[in-house]
Amino acid sequence: APSGTAGNDITGFINAMYIDNSGNVGIGTSANGQKLEVLKSGGGKIRLSETAARYAEVGGYASGSANGSTIILSTIQSGTSTLTERLIINELGLIKIKSSGGEERFQLQPDTNANQAQFRMYGTDGSTERVHLDSYGDSWFLPESGQFGIGTTSPVSPLTVSNLDNGTSFSSNRVLQLIGPSTTDG
């Protein structure tokens, strides 16, 4: 327990918060380089609260190779007391957005060493990819209803293509393959 006598230093206190001469605040660190810096082994968190039961958290922790870091935004699901990760951005810039049940719904992977920027969307189960756009490899769509539309929001078959300008449309219940012009003479 802290102790001391009048006119002397009080001993036994542990410094947990520091404010430097420029007004920077450090929690868990005296080497605070920003207006607010939180340092905690294993990852620091900041809680933003309206009430004790209604809050969001922003956290950060080390990840990947040397000096890599990840940031996470977590929220309370409406009507519960469950804190769920909603947005994750890792050291490579990979962005993940999760549903209220914690299932991954959206993923955006930036161009990395492999030159493969990717965009992914997941179905209601949170694990089946339904849309995959790849800047370097294959891209595809796998709608849960089994139907895909281009130029329409109401596809009537596995593939419906509609030209909204002149009213023409095309539907197919069979495999469709479009082949461009030949690149050889003959």
Side-chain angles (χ1 to χ4, degrees), residues 1-2 10 12-146 148 153:
I10 298 176
F13 281 107
I14 297 172
N15 291 332
M17 184 170 81
Y18 302 86
I19 303 173
D20 68 16
N21 292 337
S22 63
N24 291 348
V25 176
I27 299 174
T29 179
S30 60
N32 38 314
Q34 299 296 321
K35 283 295 179 191
L36 175 62
E37 184 167 340
V38 178
L39 178 66
K40 181 177 185 271
S41 178
K45 293 182 181 179
I46 299 173
R47 181 173 284 186
L48 307 170
S49 303
E50 178 183 352
T51 66
R54 297 179 72 151
Y55 60 90
E57 287 184 354
V58 178
Y61 59 87
S63 63
S65 60
N67 297 327
S69 62
T70 293
I71 187 168
I72 296 174
L73 174 64
S74 302
T75 63
I76 296 289
Q77 182 176 341
S78 181
T80 74
S81 60
T82 304
L83 187 67
T84 304
E85 293 180 351
R86 303 293 185 179
L87 174 66
I88 302 166
I89 305 173
N90 76 4
E91 77 279 2
L92 299 175
L94 175 69
I95 299 170
K96 295 180 180 183
I97 297 177
K98 295 185 174 187
S99 72
S100 59
E103 299 90 6
E104 196 169 300
R105 292 289 188 229
F106 168 91
Q107 186 181 94
L108 179 62
Q109 176 179 319
D111 196 356
T112 60
N113 296 354
N115 293 322
Q116 260 186 296
Q118 296 178 349
F119 170 82
R120 298 179 186 149
M121 290 177 65
Y122 295 85
T124 55
D125 65 1
S127 62
T128 304
E129 267 187 77
R130 296 295 179 183
V131 176
H132 181 98
L133 301 176
D134 194 316
S135 66
Y136 189 72
D138 294 333
S139 296
W140 44 267
F141 299 89
L142 181 63
E144 286 194 46
S145 70
F148 179 72
T153 58

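What you see is a predicted model; the values in this text were computed from it and never measured.
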Between Y122 and F106, the two heavy atoms sitting closest are CD1-N, 4.1 Å

Salt bridge (Lys or Arg N to Asp or Glu O under 4.0 Å) pairs touching residues 46-59, sequence neighbours excluded, are K45-E57, R47-E57, E50-R54

Listing request: all salt bridge (Lys or Arg N to Asp or Glu O under 4.0 Å) pairs with a residue in residues 74-85, at least two apart in sequence or in separate chains. E85-K98

Once side chain to side chain donor-acceptor pair (under 3.5 Å) is applied, do any residues pair with D20, and if so which ones, sequence neighbours excluded? S22

Output all residues satisfying ring-ring contact (aromatic ring centres under 6.0 Å, His included) with Y55, sequence neighbours left out; order by chain, then residue number. none

Looking at residues at least two apart in the chain, or sitting in another chain, which of them share a side chain to side chain contact (heavy atoms under 4.5 Å, CB included) with I46? L36, V38, L48

Side chain to side chain donor-acceptor pair (under 3.5 Å) involving E37 - partner list, sequence neighbours excluded: none

In this structure, CG of L83 is separated from CD1 of I76 (nearest 0.5 Å) by 4.5 Å

How many angstroms lie between CD1 in I95 and CG in L108, if you round to the nearest 0.5 Å? 5.0 Å

Test side chain to side chain donor-acceptor pair (under 3.5 Å) applied to S99 - qualifying residues, sequence neighbours left out: E103

Residue set satisfying ring-ring contact (aromatic ring centres under 6.0 Å, His included) with Y61, at least two apart, ordered chain then number -> none

State which residues pass side chain to side chain contact (heavy atoms under 4.5 Å, CB included) with L94; sequence neighbours excluded, sorted by chain then number. N90, K96, Q107, Q109

Which residues satisfy the side chain to side chain donor-acceptor pair (under 3.5 Å) test with T75, sequence neighbours excluded? R86

Across all chains, not counting sequence neighbours, the side chain to side chain contact (heavy atoms under 4.5 Å, CB included) partners of S127 are D125

Tell me every residue that passes salt bridge (charged side-chain N to carboxylate O under 4.0 Å, His left out) with R120, counting only those two or more places apart in sequence or in another chain. E129

Kindly compute the distance separating CD1 (I71) from CD1 (I88), expressed to the nearest 0.5 Å. 11.5 Å

